Amino acid sequence: MSPWKIKEDIIFIGVRHWDRRLFDELIPLPDGTSYNSYLVLGTEKVALIDTADPSRREEFFRQLEQTGAKRIDYVISNHAEQDHSGLIPDVLEAFPEAKVVTNEKNKGFLMDLLRIPGDRFMVVADGEEISLGEKTLKFIFTPWVHWPETMVTYLKEDKILFTCDFFGSHLATSDLFADEGTVYESAKRYYAEIMMPFRGVIARNIEKIRAYDFDIIAPSHGPLYKNPEFIIKAYEDWISDRVEKVVLVPYVSMHGSTRVMVEYFVGYLMGKGVKVIPFNLAVTDIGKLAIELVDAAAVVLGSPTVLTGLHPSAVYALYLLNALRPKTRFLSIIGSYGWGGKAVDVAKSLLGNLKAELLEPVLIKGYPTEEAFGKLKKLADNIISRFDTL
Ligand code: FEO
């Protein structure tokens, strides 16, 4: 496809990866993704903002060629991760006069990750500007969204903020600008999987960029926003301390005992009018769980005991929970064991990052009895009473 003009002399190079289904061999991509870069044609200099994933080299250079650009003076690198930087060496080879413009930290990453020679860089400071003629690029450091070197680039005259991963979405779409109804879940999924562990610094970075006047947010994944408030407000909500009275129940069951416990527990909560979402970890899209973790106040893990510990799928879920650092206020564990075990100790050892309160677990021997159901009822009532205090 041909590149699009966002405004006069600002060209969108949007490399869609329609059929990519996994990122970092970890993150599910049900709707594919895109790697966006931007060509800014100044009267004196030409800048390319970010590149694309090396797996899409051909498509990237096809679109770049279609812009008709005969020179590139600056390659702006907002972030070192290879889905945006991976083609910088190819661009430098194609345009030998080009310099990579970025911060000192990012320079180090790019030299390590891509073996770009040090003399190809122009290092900029936070707030520094470069002139392209009648257009000016200003670099605003926004560290830890989601790597330490991340920054955004502000095109002053045209009021566009190029944010790379910040405000991005893994969504391959033919739309240049976001359809807000469509993009919301993809953007939330992206936030949950990539940004959620950095809530505190994201808040500070949003405050920092709010000092600038911009009409368009142009991320390097997914569509652009011509109503920046839509995505900024969504982020402000996700990073806030607000939680929803929702109980998430990620679970796995080997022979059915834990499943019966989960179904009883979920049914009881539903009967009390509480929103509850079970996720069978054997088949669930882990991204769906991550999306719900953004707001949910409670998580109750269901797991059988395997070799005295938790089922490996439950370990994986807890590892993610701990890594993503959601706002979860209350946690517990339910499940069945055969000959005893240390499921709760294992779970505690995996959750060091979370500040959530651990509510009395319900671990029972064998198939659940009326006594087990009574304990599950007690746990559910405990959660409901905690919800009343929120
Ligand atoms: Fe889209 Fe952190 O790379």
Side-chain angles (χ1 to χ4, degrees), residues 12-38 48-57 59-60 63 75-91 100 102-103 105-114 116 139-153 161-173 178 183 186-199 201-202 205-206 209 217-225 231 235 238-239 287 290-291 320 323-325:
F12 170 72
I13 300 172
V15 175
R16 274 62 161 205
H17 206 154
W18 302 97
D19 59 350
R20 188 167 182 178
R21 286 293 171 266
L22 205 56
F23 198 87
D24 292 343
E25 305 294 30
L26 173 68
I27 297 168
L29 303 178
D31 303 307
T33 191
S34 71
Y35 321 105
N36 310 337
S37 51
Y38 302 90
L48 175 70
I49 300 175
D50 292 318
T51 64
D53 191 88
S55 65
R56 305 291 287 148
R57 179 179 284 104
E59 173 67 13
F60 172 79
Q63 291 195 35
V75 183
I76 315 300
S77 176
N78 283 320
H79 174 31
E81 196 167 8
Q82 291 92 329
D83 50 323
H84 309 291
S85 70
L87 291 178
I88 292 177
D90 300 71
V91 173
V100 181
T102 193
N103 58 65
K105 200 175 277 290
N106 196 3
K107 175 185 172 184
F109 278 135
L110 294 176
M111 289 176 71
D112 289 341
L113 296 172
L114 301 169
I116 298 173
F139 308 103
I140 306 161
F141 293 7
T142 51
W144 290 109
V145 290
H146 60 127
W147 280 20
E149 85 297 357
T150 46
M151 65 180 203
V152 302
T153 299
L161 197 63
F162 299 97
T163 57
C164 201
D165 279 347
F166 205 3
F167 306 119
S169 57
H170 280 315
L171 175 63
T173 169
V183 80
S186 298
K188 190 170 186 180
R189 173 188 283 262
Y190 190 85
Y191 165 82
E193 293 168 331
I194 311 286
M195 303 292 178
M196 190 153 62
F198 308 102
R199 283 198 301 136
V201 286
I202 286 174
N205 284 322
I206 287 180
I209 62 164
I217 283 182
S220 289
H221 290 296
L224 287 66
Y225 296 92
I231 190 66
Y235 261 64
W238 300 333
I239 62 178
I291 290 171
L320 280 180
L324 295 178
R325 300 174 182 228

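Every number for a ligand or one of its atoms is a count from 1 in the order of the listing. This is a predicted model, so every value here is computed, not measured.
- Near-neighbour remark for atom 1 (Fe) of ligand 1: protein N, O or S atoms under 2.8 Å are Asp83 OD2, His84 NE2, Asp165 OD1, His221 NE2; waters not counted.
- Between the side chain of Asn106 and the backbone N or O of Thr102, no donor-acceptor pair lies under 3.5 Å.
- Atom NE2 is the N/O/S atom of His146 found closest to atom 2 (Fe) of ligand 1.
- In this structure, Ser169 contributes its side chain and Ala187 its backbone to no donor-acceptor pair below 3.5 Å.
- Scored by the salt bridge (charged side-chain N to carboxylate O under 4.0 Å, His left out) test, Lys105 finds no partners at all (sequence neighbours excluded).
- Put simply, the side chain of Glu149 gets close to the backbone of Ala80: a donor and an acceptor are under 3.5 Å apart.
- Aromatic pair Tyr225/Phe167: ring centres not closer than 6.0 Å.
- One N or O on the side chain of Thr150 and one on the backbone of Val145 form a donor-acceptor pair closer than 3.5 Å.
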